[in-house]
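Just so you know, these numbers come straight off a predicted model, no measurement behind them.
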Amino acid sequence: MFTHLNNMTDTTGVYAQHDGDPANGQAPTTGWLAGEYIEDEHILPIAPSVAPGEYRLAVGMYDPETLERATIHLDGETTDALILTALLIRQQ
């Protein structure tokens with residue numbers, strides 16, 4: 001699984017990220033049941049060099065052997081990452 005912080009205007013740039021197995025390796029996808037919820041914490045350290053502005057928080061899954069991302073079908077759209085929210089980073 002991955003969690004990325006992307007700039008809203010340049011979605012190819014990743015400004016913070018965390019990759020890891022579901023539930024810190026305690027809940028492999030092979031054991032998931034339909035409708036089950038898996039709690040999965042990802043901490044994203046954001047470097048002081050990240051410019052103030054609006055960013056988006058995105059999550060998704062990928063095959064660790066091929067790095068191929070899983071496809072997500074949502075509201076008639078197909079993507080490889082789910083946008084959770086927008087975040088505003090302010091100058092310190």
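D80 meets the salt bridge (charged side-chain N to carboxylate O under 4.0 Å, His left out) test with R69; sequence neighbours excluded.
Taking 4.5 Å as the limit, every side-chain heavy atom of L88 sits out of range of all side-chain heavy atoms of Y55. Contact of the T79 side chain with the L74 side chain is not registered, since no non-hydrogen atoms from C-beta on lie closer than 4.5 Å. With contacts defined as side-chain heavy-atom distances shorter than 4.5 Å, the pair H4/D19 qualifies. Using a 4.5 Å cut-off on side-chain heavy atoms (C-beta onward), V59 and F2 make no contact. Counting heavy atoms from C-beta outward, D21 and P28 have side chains that stay 4.5 Å or more apart. The side-chain heavy atoms of Y15 and I46, taken from C-beta on, include no pair separated by under 4.5 Å.
The NE2 atom of H18 lies 9.0 Å from the CD atom of E41; values are rounded to the nearest 0.5 Å. Note that CE of M8 and CZ of R56 are 7.5 Å apart. Values are rounded to the nearest 0.5 Å. Here CD of E39 is found 12.0 Å from CG of N24. Values are rounded to the nearest 0.5 Å. Rounding to the nearest 0.5 angstrom, the gap separating the CE atom in M1 from the CE atom in M61 is 5.0 Å.
Under the 4.5 Å side-chain heavy-atom criterion for ILVMFWY residues, a single connected hydrophobic cluster contains both L84 and L44. Following chains of ILVMFWY side-chain contacts shorter than 4.5 Å, one can reach L87 starting from V50, so the two form part of one hydrophobic cluster.
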Legend entry - Intermediate values then yes/no, side chain to side chain contact (heavy atoms under 4.5 Å, CB included), I72 and T78: CA-CA 6 Å; I72 300 168; T78 301; over 6 Å; no
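Proximity of a side-chain donor or acceptor of D63 to a complementary backbone N or O of E65 within less than 3.5 Å is detected. Remark: the backbone N or O of A27 is paired with a side-chain donor or acceptor of W32 at under 3.5 angstrom. Remark: side-chain polar atoms of D40 are paired, donor with acceptor, to backbone N or O of A23 under 3.5 angstrom.
Taking every heavy atom of both residues into account, N6 and A58 meet most closely at OD1-CB, 3.9 Å.
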